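What you see is a predicted model; the values in this text were computed from it and never measured. Chain identifiers are assigned alphabetically (A, B, ...) following the order of the sequence lines, protein sequences preceding nucleic acid strands; residue numbering begins at 1 within each chain.
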Amino acid sequence: MLDDFRFRLRTLFRRDAAEDDLDDELRFHLERAAEQHEARGLSAREARRRARLEFGQVDAIKDECRQSWGIRQLDAVHQDVVYALRLIRKHPALSAVAAVSLAIGIGLNTALFALLDGTILRRLPVDRPEQLVDVYTSDVDGFSWYGSSYPDYLDLRRGTRTLSGLVGYVPAVGAVRFGDRTRTLAGEAVTGNYFQLLGVPAAHGRTLRPDDDRPGSSPVVVISSGLWSDLFAEDPEVIGRSLRIGGRSYAIVGVAPEGFGGLTPPVLRPGFWMPMAWIDDVQPTVMHNGSPAPGSTRLESRGLRWLLVKGRLRDGETEASANGDLNGIMQALEAAHPDSNEGLRATVIPTGDVSTHPMVEERLRAGALSLLVLLGLVLLIACANVAGLLLARASARRREIGLRLAVGASRGRLLRQLLVESMVLALFGVAGGIALAWGLLAGLGAVRVSLLVPIALDLSLTGRVLALAVVAAMGAGIAAGLMPAWAGTRSSVLDALAGRSPDWSIGGRRWSLRQALVALQIAVCLMLLVVAGLLSRNLLVASRIDPGFRANRVASVTVGLGLVGYDANEAARFLERARERVRELPGVQAAAHADRSPLSINFNQAAIGPADGHGLDAPARSVETVTVSEEYFDALGTPMLEGRAFDSTIDTPESPRVAIVNEALARRWWAGTSAVGRRIRPGGAGSRQPPVEIVGVVRDYKVRFLQEPATPYVHYAASQRPGMMNLVPVLLARTAGDPGALGATMQEELRAIDPDVVFWQGRSLRDNIAAQLLPAQLLAAMLGTAGLVAVWLAAIGLYGVIAYAIVRRTQEIGIRMALGATHRDVLRLVVRQGALVVGIGAVLGSAAAFAAARATAGVLFGIDAADGLAWGGALAVLVAVCLLAHAFPALRAVRVAPSVALRAQ
Amino acid sequence: MTTERLDLPQGTLELLILKTLALEPRHGWGISERIRQVSREVLEVRQGSLYPALHRLERRGWIAASWGTSEHNRRAKYYALTPKGRRQLESDVEAWRALTTAVGHVLDAG
């Protein structure tokens with residue numbers, strides 16, 4: 001069997017040599033035979049004749065030999081391919097359009113699939129991932145998804161019957177020493193059972209063990225295979241060497257397998273995994289208000305919900321049974337610890353359903369799905385174009401095809417030839433498409449996103465993605481080829497020879513397959529344009545939102561002090577020095593520091609309630625809080641509406657604690673009266689913490705998201721809590737010049753104070769806004785591109801239909817003009833060709849666009865799905881393009897000279 | 001030329017070719033001559049039909065072809081039996097013997 005196949009292939013590929021060999025072989029035989037006859041006394045001529053006679057029909061024998069090679073089927077396909085290539089060379093422009101259409105359609109879809117494959121379609125590379133569940137604790141109002149606190153996690157782990165185990169983990173950014181430089185590197189702090197429960201073995205050495213996570217055990221770390229090659233050049237002796245994180249040496253005990261990227265969302269590829277016991281060493285946090293036992297670490301505090309938890313279902317257990325089980329434990333915890341656990345419930349979700357976090361999942365999936373559908377439509381349009389091209393060719397060849405059918409060519413043979421033609425185009429398309437996808441992904445990978453930590457998006461054309469591209473292209477080729485092939489060979493021999501085309505009738509008019517295809521294209525285009533228009537408008541609205549601070553004038557530099565070993569008091573001293581130096585910089589109008597910057601992803605909520613100071617407190621709500629220095633509002637350019645700003649000479653650690661709230665909070669609790677002089681109590685009613693007096697009210701500004709409604713916000717004075725400074729603080733400075741340049745200068749100033757400090761990405765508040773708008777920008781850009789490409793493709797299709805119709809009616813136009821028809825009459829004729837097609841397409845498209853717009857409404861904010869500008873713009877583009885598609889055929893038609901036209905056939 | 005000629009039964013030509021090549025590699029003309037001589041000119045293969053059969057056998061991997069120089073110093077395509085071909089020949093000869101014996105019994109039974 002294998003011999004046979006090898007023989008056929010070899011013969012096919014050295015076809016000409018095989019023919020020569022056959023000639024030589026037979027000639028040798030004939031010559032020897034003739035020699036023998038000559039030796040017996042025949043004349044040379046007679047001897048040759050006799051030899052040929054005995055041999056038989058040479059050509060027939062040759063054909064029999066070729067048949068024995070078993071390559072006739074292959075040979076026929078080979079001929080079809082050659083024929084298809086010849087046709088492509090004959091119509092280079094049309095063929096290029098078809099191939100480019102397909103390449104664009106396939107390229108966009110391949111890039112999108114690669115993106116999804118690298119992110120939300122990713123299955124965790126762990127043992128039996130379908131058993132894993134995410135465990136969240138929900139707030140009283142039930143919609144926010146918190147992590148767990150470490151003590152709660154321990155209690156859940158101890159008490160569960162339905163889960164075989166629970167792991168806790170949290171992204172941990174460490175300042176890692178790379179040779180003589182210190183850089184931030186994303187890692188994960190994990191509980192000791194992490195690798196065991198996930199079933200992930202070490203590639204070298206060992207993974208972490210529960211022993212490693214006990215207090216007092218020596219610091220160890222598992223590194224990623226990426227870090228192993230970057231930092232240690234894949235040194236096989238790496239086990240036992242050490243990694244310096246935040247000034248401490250961790251002994252490397254193992255290397256994680258390649259492809260294991262931890263449990264945090266896929267963009268944050270951890271470079272190391274460290275035992276949870278060391279989390280405060282790498283990323284120290286200082287307790288804010290709200291923790292029931294002040295001064296305790298975050299591993300001890302039950303009120304701090306920072307830990308992400310996953311569990312593994314025991315055999316036979318379900319999400320629902322685990323939910324019931326864990327909620328039983330949560331209720332017991334609520335009874336035992338009402339301070340921290342009041343109203344808290346557990347929610348269990350299969351890990352496979354959540355690629356990031358439940359709060360963003362729905363939007364993410366809706367976005368991905370709409371992208372997938374829309375790009376699929378672009379591919380559909382591309383297919384329609386290729387089909388249109390082949391159809392035009394097939395109708396031009398109808399006589400030829402009819403003739404071939406008449407002389408006995410089988411329909412199957414003709415079908416195969418037409419299919420081979422579209423497959424050859426599809427091959428060009430897939431090659432171009434993969435190149436395009438590769439370029440797109442490279443471009444996307446090069447986008448520098450100003451997020452807090454460097455992100456590593458795993459975008460690559462994996463085998464799976466490439467296979468999908470090829471399958472899509474072949475599918476497109478078959479779809480695009482089958483229709484014309486069917487239409488081309490459907491005609492009866494008589495019809496075809498007479499040059500009649502197999503049209504059919506709709507509403508009294510004869511419709512060709514091409515016209516129907518173009519109407520469909522126009523419909524899809526309109527839909528794409530409307531949705532792209534809505535998203536762009538959406539983006540425009542978002543970028544015009546007033547954040548409430550001078551975004552274009554404020555430099556912001558985030559410093560990882562905790563990462564390089566600062567404690568809270570050292571951090572406070574560093575920040576004061578830094579603030580003084582920054583204020584001296586030329587152009588700086590005000591400078592401040594804070595423990596978070598607006599619109600960063602560094603959230604911080606605490607339970608706070610209004611208080612009268614005499615114990616008659618209202619229940620607490622979750623409120624965003626921030627601790628800021630003097631001049632903070634001045635630095636942001638956000639005006640005070642009432643009261644005073646912080647002043648470090650008045651607001652000392654010894655003075656009564658004060659706060660400045662925003663309008664939204666003042667309005668919520670003291671609507672209609674002044675909030676200045678009122679009190680709030682951290683922790684709410686029943687909290688043992690002292691009340692805090694409000695000394696000022698500031699105008700609302702955006703805290704977490706650009707599009708958020710006014711959100712209650714409480715500012716505490718950093719000067720009153722020097723020991724409580726966040727160790728990843730931000731320095732803010734307002735300038736008259738470029739904030740990005742000032743940000744760079746500020747980083748230099750801070751390095752002058754301490755050369756070891758590390759910085760987060762982003763240098764101005766403008767960068768924070770840009771990072772927030774990026775996903776929407778990408779979506780709108782992709783859809784807009786898809787829409788424009790689709791319009792371009794549809795325009796080509798439309799042009800083809802009209803031009804073809806005009807050519808077919810050249811004779812008629814000539815006669816009409818000879819009989820006195822004016823240019824206007826001719827133009828009307830041309831327009832009528834396209835108008836109906838465009839009209840029907842537009843009606844269908846509007847309906848589809850309306851449905852699509854309603855579906856997108858979930859992603860939109862600030863604008864209506866029936867937004868006039870988006871619809872108007874889409875229709876305008878469509879009309880303009882359709883007019884353009886009409887213009888050229890129309891010009892050609894009015895230039896027709898009757899004498900020429902009459903001779904056209 | 002002899003007067004009486006026998007037509008070859010289906011598949012016999014292949015067997016004859018394999019047998020002819022069992023001794024030494026030959027070119028097509030050589031095979032044709034050998035069959036004629038050995039069969040005492042009773043069996044004459046229609047010369048042309050030899051070649052499709054040779055190519056078929058080559059495709060099956062029973063014989064292998066290579067270009068060599070003939071006794072008259074000319075380029076000729078030589079065929080040689082492969083190990084696979086030799087096994088095939090053995091089983092074919094056995095089958096042929098069994099067949100002719102059986103047919104003989106039936107005919108003799110009169």
Among the listed options B:Arg59, B:Arg75, B:Lys77, the residue most often paired with chain A at heavy-atom distances under 4.5 Å: B:Arg59
Given the options B:Arg74, B:His27, B:Arg56, B:Arg60, which has more heavy-atom pairs under 4.5 Å with chain A than any of the others? B:Arg74
Residues of residues 22-35 of chain A with a heavy atom under 4.5 Å from any heavy atom of chain B, in residue-number order, are A:Leu22, A:Asp24, A:Glu25, A:Leu26, A:Phe28, A:His29, A:Glu31, A:Arg32, A:Ala33, A:Glu35
Output all residues satisfying side chain to side chain contact (heavy atoms under 4.5 Å, CB included) with [X], sequence neighbours left out; order by chain, then residue number.
{"X": "B:Thr82", "answer": "B:Ala64, B:Lys84"}
{"X": "A:Ala476", "answer": "A:Leu102, A:Cys383"}
{"X": "A:Glu19", "answer": "A:Arg15, A:Arg66, A:Trp69"}

Less than 3.5 Å apart, any donor N or O on the side chain of A:Gln36 or B:Glu33 sitting next to an acceptor on the other? yes
Could you check whether B:His55 and A:Glu64, counting side-chain N and O atoms only, form a donor-acceptor pair closer than 3.5 Å? no
Going through the checks in order, is the side-chain contact (heavy atoms from CB on, under 4.5 Å) test met by A:Glu421 and A:Val81? CA-CA 7 Å; A:Glu421 216 179 305; A:Val81 171; over 6 Å; no
Given that the side chain runs from C-beta out, which part of B:Ser49 has a heavy atom under 4.5 Å from chain A: side chain, backbone, both or neither? backbone
I'd like to know whether CD of A:Glu46 has more than 12 heavy-atom contacts from other residues, nucleotides or ligands below 6.0 angstrom. yes
